[in-house]
Amino acid sequence: MKRAQPYQPSEIEPKWQAKWEKDNLYRSLIDYSKKKHYALTMLPYPSGDLHIGHWYAMAPSDARARFMRMRGYNVLFPMGFDAFGLPAENAAVKHGIHPKQWTYSNIERMRKQLRSMGAMFDWEREAISSDPEYYRWTQWFFLKLFKHDLAYRKMAPVDWCPQCNTTLAREQVWGEDRHCERCGTPVIKKNLEQWFFRITKYAEELLDFSHLDWPERVRVLQTNWIGRSEGAMVRFSTEQGDDLEVFTTRPDTLWGATFMVLAPEHPLVEKITTPEHREEVAEYVLLTLRQSDIQREALGKEKTGVFTGGYAVNPVNNERIPIWIADYVLMTYGTGAIMAVPAHDERDFEFALKFGLPIIPVIQHPRALRKSLIRRSFVTEEFVQYLQENHMAKGEDQGALEVSLEEDQINDFVVHAQRGLTHGWIEIVGAEWMFIFPDQTLTLSSIQADREILARIQRIDAATRSYRTTMEYLWNQPYYRDVLYHAEYGDMIHSGELSGTKGEEAIQKVIRWLETRGIGQAKVNYRLRDWLISRQRYWGAPIPIIYCSRCGIVPVPEDQLPVLLPEDVEWLPTGESPLKLHPTWRFTSCPTCGGPAERETDTMDTFMCSSWYHLRYLSPKYDQGPFDPEEYDYWMPVDTYTGGIEHATMHLIYTRFFHKACRDMGITKGPEPMIQLRNQGIILGEDSEKMSKSRGNVVAPDELVEKYGADTVRAYLMFFARWDQGAPWSSTGIEGTARWLRKVWATILEEPQTQNQASPETLRTLRRKVHQTIRSVTRDYEQFEFNTVISSLMELLNVMVDAKEAGAFGTPEWEEAIDIYLRLMAPATPHIAEELWFLLGKPYSIHTQPWPEVDEEAAKEEMFTLVIQINGRVRDRVELPVSASEEEAKRAALESPIVQKHLSGSAPKQVIYVRGRLVNIVVN
RNA sequence: GCCGAAGUGGCGGAACUGGCAGACGCGCGCGACUCAAAAUCGCGUUCCCUCGGGAGUGUGGGUUCGACUCCCACCUUCGGCACCA
């Protein structure tokens, strides 16, 4: 027996990596004779150490890129670094190293670690966002956006991270406590003059995913983030004659608007506040401003607000309604003002009840009961009998009958009620809003009616005198509570000429009605805000703007780019941009008038750098533009993009916006930058907790590579979980993958220990499994199902081991099997595949070989297991040739002794036959 | 509260078109080799059982000859949003 050399990844892996690099094996050049495939994995931040998460993102992506290459595509799979950003500055503060030095030495280290992965990166295309040759073009894009009015500067309340000492985009503020996405510190509000990109201009187009093959999850996240809502703008006016516009999604409830609420910051507040309310309003505004957003938006917080003394006119019914201010109305959404319809909006309902504002129902509840609480003391005994005889009284509580009525009982009830009332009144609420008095019936249909009803019942019952509105009285009858408020669609009531409008057409009909009268129109509103890109930090691309006292905001001329970052700065965090504290850098001359001027000292959000890195990869050294148009036309768009889902509402929305804006400026082409997106999951620590240094559960890929070799790590990462889900790490699990590779090695290289002559069946079975595996591995790579790629290969190996034992070694079928096996494993485990390929004397390199084709004939099964069920339960199995007819299958099933026993003479009711699978005998 | 996803052995997972539930691997058990260990190999491994079977894919219903797969309701976990008018 010949023993082969043992499998030594630490020897073969560096050897092949060096050779591939020397031979330029992964250089990706334009080749018009081939179909291109641009595979991109998200740009890593050079934090200093490649962690297992990087491997998890990149190694399976690399395997797939390699697979595409073997399938005949010209594949571009580039790598680079998102090299600007805060950690470099934090390290500078902590260790006294310059951010640039820290960053570039980290990059050096990570390049080495990345090379140990054996990935097919084309390093000639590496791009580093902090290189002046890179950020020159980041600045150039800024200027283009500025020129096309897509970048603008404004004073605004912005989110500020006190830990990072900088402003953040809305997308970078996370969670209920509104913390900084990077460091977890709760943010505060600051009023600052900042630069924004007009991403909101693209809100509608960003909702269109029809050109994208992206996970549903990401599309839903982005859709929710953009937050489209349809409704109407309605023009109310103040008594002073100012227009007061509101956005509403429920124009059908307009007739129920009984007051208005402005955000405390609303510009009209000053003007409408009357002298006697001035002090109270000023105090409230101040209080609101002092509160953090977290306090202000804390849920479950009781509503607060104050009356301004001012009044508005509801344009649909000319009702005079009070204007309040309250912090539950946000200046940043809609117009910063709302019409309050307390009967059909939970927040307004709560507010109205608290402050005694009238509540008028204007939408019929689709299912509500008609409820009435009838005090015995108000009515005759005959009437009580009437209620009981007709089963209207369902209960009794403290001398009051709890009545509920069907629609067809109402008329009869009203007649009896008026006769039965000795004094007092009877109300019906829910699907009706009637107050029946002996002499008349009133309906709660307007503010006026609310006052009349309240006045009458207060005259009758002194106990109701503390109530400020009719609804407040009703609310204090617990029996009514569930029918007093609802936010559903329904038929319009109490709405003047539009009363009776059906729920399903109400909104559209009201909008048309408003439009013909010129008091409102349809309007779509978005939750999305413009992208705040100013950062008060040093290590970023300077915003290429100059402020001149004579010429105002002046863009740096393109030919003066890049605006270089000075290297001699103080980085100690002060809350001001370090560039502002530099003794000379900010002082310059105006490009327009030549007079003294100052540079913008803020730098750009690093998401700006990563919005276009996929373009810089195309031609990282090109200096006539951000990218070489020829490269663009060949490679773009990105065909598959892989990375984590955490960027769903940040990078992935920014880069889509960026592409669309550039398209409209004539720079890029096509609807989308990245066609197919796939997300990998997260690897947890072995304790099922999130990996972190403090928990001590971090898995270090360098150590794994040293112990097992890169191929084992790559294969294990592909195998151990569904790629899109991730799972806890297992240090015993990886042993299984290591065993698999050792077994491959031994199976292919070692002489067999058997004298057996392989039977034709053995060889046939071997070939069948080989070709079936080509089919499944190909399909699984296409679908990013990497775990089953590896398990199929393991299965095939098990069959090969059996075949070898049975004497297949050395036969043509065996040679074919190992040839195909190595090709199939080459994308996942490139080094061992290359080494074995080499040892077998096959032509270098396996990675330039074509992907194997399925021989359909060989893959065909000859026999199959016919499952025999009785009443859907498996009772027996029998082997049949694939060619067996329905009759043969049914006969085989019915002849089965087990079936005979179960049938015990009786005839089957039905026999169901599924070709190639089963026979199901139904016997009752 | 709203939106979304996921629940399958001790664990990661497979079952891709409604048709054998648990592929592949980990772990575990027994055995072989060995003075011994490591490595390797073989067998077993969803649960219950009176050895005939029975139960079983989060729970409860439904559709179907047949449901992990389709429908309805619910529970749990995770993610996102959150006074967005």
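Proteins get letters first, then strands, A, B, ... in listed order; numbering begins at 1 in each. Below, each value reflects all heavy atoms present in this structure, side chains not excepted, and no hydrogens, waters or symmetry copies.
- With rounding to whole Å, A:W174 atom CH2 is found 8 Å from B:rC81 atom P.
- For A:F236, there are no ring-ring contact (aromatic ring centres under 6.0 Å, His included) partners, not counting sequence neighbours.
- Interface remark: the A:K909 side chain does not form any donor-acceptor pair with the B:rC65 base, using a distance-only criterion of under 3.5 Å.
- Ion pairing between a basic and an acidic side chain is recognised when a charged N comes within 4.0 Å of a carboxylate O; A:R170 and A:D530 show no such pairing.
- A:D252 meets the salt bridge (charged side-chain N to carboxylate O under 4.0 Å, His left out) test with A:R250; sequence neighbours excluded.
- Surrounding CD of A:E230 are at most 12 heavy atoms belonging to other residues, nucleotides or ligands under 6.0 Å away.
- Following rounding to the nearest Å, A:L221 (CG) and B:rC81 (P) show an atom-to-atom distance of 8 Å.
- Take A:K523 and apply the salt bridge (charged side-chain N to carboxylate O under 4.0 Å, His left out) test, not counting sequence neighbours, and it matches no residue.
- Here the separation of B:rU76 from B:rU64, taken at their P atoms, is 31 Å to the nearest Å.
- Taking the C1' atom of each, B:rG54 and B:rG18 are spaced 25 Å apart, rounded to whole Å.
- To the nearest angstrom, C1' of B:rC81 lies 14 Å from CD1 of A:I226.
- Mapping A:I338 and A:R217 onto RNA chain B by nearest heavy atom places A:R217 closer to the 5' end of the strand.
- Of the options A:I645, A:T649, A:I653, a side-chain contact (heavy atoms from CB on, under 4.5 Å) to A:V218 is made by A:I645 and by none of the others.
- With sequence neighbours left out, A:Y654 forms a ring-ring contact (aromatic ring centres under 6.0 Å, His included) with A:W531, A:F607.
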Which donor-acceptor pairs under 3.5 Å do side chains of residues 794-805 of chain A form with protein atoms, sequence neighbours excluded?
unit_1 : atom_1 : unit_2 : atom_2 : d
A:E795 : OE1    : A:K769 : NZ     : 3.0
A:N798 : OD1    : A:K743 : NZ     : 3.0
A:K804 : NZ     : A:A746 : O      : 3.4
A:K804 : NZ     : A:T747 : O      : 2.9
A:K804 : NZ     : A:E750 : O      : 2.9

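- The environment of CZ in A:R775 is crowded: more than 12 heavy-atom neighbours from other residues, nucleotides or ligands sit within 6.0 Å.
- Counting any heavy atom pair closer than 4.0 Å across all strands shown, A:S229 reaches sugar-phosphate atoms only and no base atom.
- Within the 4.5 Å cutoff, no side-chain heavy atoms of A:M233 are placed close to those of A:R235.
- Remark on RNA chain B: of its neighbouring residues A:V173 and A:V220, the 5'-side contact belongs to A:V220, judged by nearest-heavy-atom nucleotide.
- The stretch residues 711-728 of chain A participates, sequence neighbours left out, in these salt bridge (charged side-chain N to carboxylate O under 4.0 Å, His left out) pairs: A:D62-A:R714, A:R722-A:D724.
- Rounded to whole Å, the C1' atom of B:rU50 lies 41 Å from the corresponding atom of B:rA6.
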Legend entry - Under 4.0 Å protein heavy-atom contact, by nucleotide of nucleotides 69-75 of chain B - B base, S sugar-phosphate only: -------
Inset, instruction - Go ahead and write out RNA chain B as dot-bracket, 5' to 3': ( ) for pairs within the strand, [ ] for ones crossing earlier pairs, | when the partner sits on another strand, dots for unpaired; Watson-Crick or G-U wobble, both distances under 3.5 Å. - result: (((((((..(((......[....)))((((((.......))))))(((....)))..(((((..]....))))))))))))....
Return the polar atom pairs (N/O with N/O) between nucleotides 44-54 of chain B and the protein under 3.5 Å, or none.
unit_1 : atom_1 : unit_2 : atom_2 : d
B:rG54 : OP1    : A:R875 : NH2    : 3.4
B:rG54 : OP2    : A:R875 : NH1    : 3.2

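- Residues forming a salt bridge (charged side-chain N to carboxylate O under 4.0 Å, His left out) with A:E204 (at least two apart in sequence, or on another chain): A:R228.
- For A:W740 and A:F719, the ring centers are positioned 6.0 Å apart or more.
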Legend entry - Per-nucleotide protein contact string for nucleotides 11-30 of chain B, where B marks a base within reach and S marks sugar-phosphate only (heavy atoms under 4.0 Å, - for neither): -BSS-B--BBS-BBSSS---
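- At the heavy-atom level, A:W225 lies under 4.0 Å from the strands shown only through sugar-phosphate atoms.
- Every salt bridge (charged side-chain N to carboxylate O under 4.0 Å, His left out) that A:K354 has, sequence neighbours left out, goes to A:E302.
- The same atom, C1', is picked in B:rG22 and in B:rG7; the two are 16 Å apart, to the nearest Å.
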